[in-house]
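Read through the structure below, which is laid out as structure tokens, and then see the notes.
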Amino acid sequence: METRLIAATSEGIAEAAGVLRAGGLVAMPTETVYGLAGDARDDHAVARIYAAKNRPSFNPLIVHLPDLDAVGRYAVLTPEARALAAAFWPGPLTMVLPLREGAGLSPLVTAGLPTVAVRVPAHPLARELLRVAGLPVAAPSANPSGRVSPTRAAHVMAGLAGRIEAVLDGGACAVGVESTILGLDGPPALLRPGGVTVEAVEAVLGHPLVLPGDPAQPKAPGQLASHYAPEARVRLNATRARPGEVLVGFGAVAGDLSLSESGDLVEAAARLFHLLREADALAGPGGAIAFAPVPETGLGRAINDRLRRAAAPRP
């Protein structure tokens, strides 16, 4: 695949928006670093974000939107969220809010959780691309996982050329800290410090945040080993089903369902959360699910990380 470098013109923005609408990936500048943007409703596009970054686990991704009205189509905006949005958006504040019923986002974006992380970026080029594309965009940093975050288009090309469709060149980012992340699906809590200070947030809220280290601090998504587990018991590395099990196959291992009959890890990642729910429903109360072996390479590491959490002993 040839990665195109797109100029920051109205024609370039239209071209980049077309790539996103077609399910492709575009690196776009934000006020901090370049983000790797893909349609947050498209399972395959989101799976490709993980594949391009070689990201080892399916952590929730931040959904970038052009304005508050767009955010309200995907998240339930509490009065506190509206007050914070009025004070700090557009800007480096991410809010984790209840996912709106029927929002249509890929479960890979939310990691199967009933919440969604949302942000309105301040970079004018990012906001214009979001407006023209007309879709919610998942956008982690546009670099291979574990590498230095990119602040120029050339940095993105050095790390991701050949893995994504395009880079929208907005020049150098005004380098700053990452966005502050607040959990607002319960008592307002600081999940990650960043570009908006705790003091500024508390001044808007009129009361203290729950801070890291506080006894009441909720666990961040994915910290618990058994997080996101289905109701049914889960067994891994199965080549055949035991009596009463629903077998989820992969590649040569056929099953009642299959992550990917062709052994395609991107397809398997795109289908993972959907098939977990489907297999759980087929297994029924007190049932069990067996998953075929998935290679511990590329996206397979992220798939296996998720499956190990699903199979972990329950508290």
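Quick note: numbers below take in every heavy atom, side chains included, and nothing from hydrogens, waters or symmetry partners.
In the model, D185 has no side-chain atom that pairs as donor or acceptor with a side-chain atom of T115 under 3.5 Å. At a cut-off of 3.5 Å, with distance as the only test, no side-chain donor of H155 or N143 sits close to an acceptor on the other residue.
Within the 4.5 Å cutoff, side-chain heavy atoms of R277 are placed close to those of P107. Side-chain atoms of T180 and L190, non-hydrogen and from C-beta on, do get closer than 4.5 Å to each other. For the pair P293 and F250, the minimum side-chain heavy-atom distance is 4.5 Å or more. Taking the side chain as every heavy atom from C-beta outward, L61 and P140 approach each other to under 4.5 Å. A 4.5 Å side-chain heavy-atom check between V46 and D43 finds every atom pair outside the cut-off. L209 has its side chain within reach of V201: a pair of non-hydrogen atoms, C-beta onward, lies under 4.5 Å apart. At least one side-chain heavy atom of L191 sits less than 4.5 Å from a side-chain heavy atom of V96.
A40 is linked by a side chain to side chain contact (heavy atoms under 4.5 Å, CB included) to V63, L105, V109, P136, A138, counting only residues two or more places apart in sequence or in another chain. Judged as a salt bridge (charged side-chain N to carboxylate O under 4.0 Å, His left out), and not counting sequence neighbours, the contacts of E296 are R308. Listed by chain and residue number, nothing satisfies the salt bridge (charged side-chain N to carboxylate O under 4.0 Å, His left out) test with R152 (two or more places apart in sequence, or in another chain). With sequence neighbours excluded, the residues forming a salt bridge (charged side-chain N to carboxylate O under 4.0 Å, His left out) with D305 are R309, listed by chain and number.
Shown here for T110 and P60, the closest heavy-atom pair between the two residues is O-CG, 4.0 Å. Here the closest heavy-atom approach between residue I62 and residue I181 is recorded as CD1-CD1, 4.4 Å. Heavy-atom minimum distance, A268 versus S260: N-CB, 4.1 Å. Between P150 and V156, the shortest heavy-atom contact is CB-CG2, 3.8 Å. Of all heavy-atom pairs between P98 and V116, the closest is O-CG1, 4.5 Å. In this structure, A238 and A290 approach most closely via the heavy-atom pair CB-CB, 3.7 Å.
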* Step-by-step side-chain hydrogen bond (donor to acceptor under 3.5 Å, both in side chains) determination, N54 to S145 -> CA-CA 6 Å; N54 198 22; S145 188; over 6 Å; no
* Asked: Under the side-chain contact (heavy atoms from CB on, under 4.5 Å) criterion, do R301 and R306 qualify, and how do the steps go?
  -> CA-CA 9 Å; R301 293 199 302 274; R306 173 61 181 84; over 6 Å; no
* To do: Take L68 and V120 through the test side-chain contact (heavy atoms from CB on, under 4.5 Å) and record every step on the way to the result.
  => CA-CA 8 Å; L68 187 63; V120 176; 5.8 Å; no
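With hydrophobic clusters built from ILVMFWY side chains whose heavy atoms lie under 4.5 angstrom apart, L65 does not share a cluster with L36. Follow the hydrophobic side-chain contacts under 4.5 Å out from F273 and you reach L259 in the same cluster. Under the 4.5 Å side-chain heavy-atom criterion for Ile, Leu, Val, Met, Phe, Trp and Tyr, V148 and M157 are members of distinct hydrophobic clusters. Placement of L265 and L276 within a single hydrophobic cluster is found when ILVMFWY residues are connected by side-chain heavy-atom separations under 4.5 Å, directly or transitively.
For residues 118-128, the pairs satisfying side-chain hydrogen bond (donor to acceptor under 3.5 Å, both in side chains) are E31-R119, E128-R131, with sequence neighbours left out. Evaluation of the side-chain hydrogen bond (donor to acceptor under 3.5 Å, both in side chains) test over residues 239-254, restricted to residues two or more places apart or in two chains, returns R235-E245. Pairs of residues two or more places apart, or lying in two chains, never qualify as salt bridge (charged side-chain N to carboxylate O under 4.0 Å, His left out) while including a residue from residues 247-275. For residues 13-27, the set of pairs meeting the side-chain hydrogen bond (donor to acceptor under 3.5 Å, both in side chains) definition, not counting sequence neighbours, comprises R4-E15. Legend: ring-ring contact (aromatic ring centres under 6.0 Å, His included) pairs involving residues 13-55, not counting sequence neighbours, sorted by first then second residue: Y50-F58.
Here R163 contributes atom CZ and I49 contributes atom CD1; the two are 14.0 Å apart, rounded to the nearest 0.5 Å. In this structure, L97 CG and L184 CG are separated by 5.5 Å, a value rounded to the nearest 0.5 Å. In this structure, OG1 on T197 lies 8.5 Å from CD on E202, to the nearest 0.5 angstrom. From F291, atom CZ reaches atom CG of N237 across 11.5 Å, with rounding to the nearest 0.5 Å.
Residue L257 forms a side-chain contact (heavy atoms from CB on, under 4.5 Å) with just one option from L247, I289, L275, and that option is L275.
In the hydrophobic clustering (ILVMFWY side chains linked at under 4.5 Å, chained through shared members), L125 is joined by I6, I13, V19, L20, V26, M28, L129, L130, V132, L135, V137, L168.
Side-chain N or O atoms of N304 include one that pairs as donor or acceptor with a backbone N or O of V294 at under 3.5 Å. Distance alone, capped at 3.5 Å, places no donor-acceptor pair between the K53 side chain and the L160 backbone.
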Let me check something: any side-chain donor-acceptor pairs from residues 73-94 under 3.5 Å, sequence neighbours excluded? List them with distances.
residue, atom, partner, partner atom, Å
T78, OG1, A81, N, 3.1
E80, OE2, H207, NE2, 3.2
W89, NE1, L93, O, 2.7
T94, OG1, S179, OG, 2.9

Can you list, pair by pair, the side-chain donor-acceptor contacts under 3.5 Å of residues 278-287, counting residues two or more places apart and other chains?
residue, atom, partner, partner atom, Å
D280, OD1, E231, N, 3.3
D280, OD1, A232, N, 2.8
D280, OD2, E231, N, 3.0

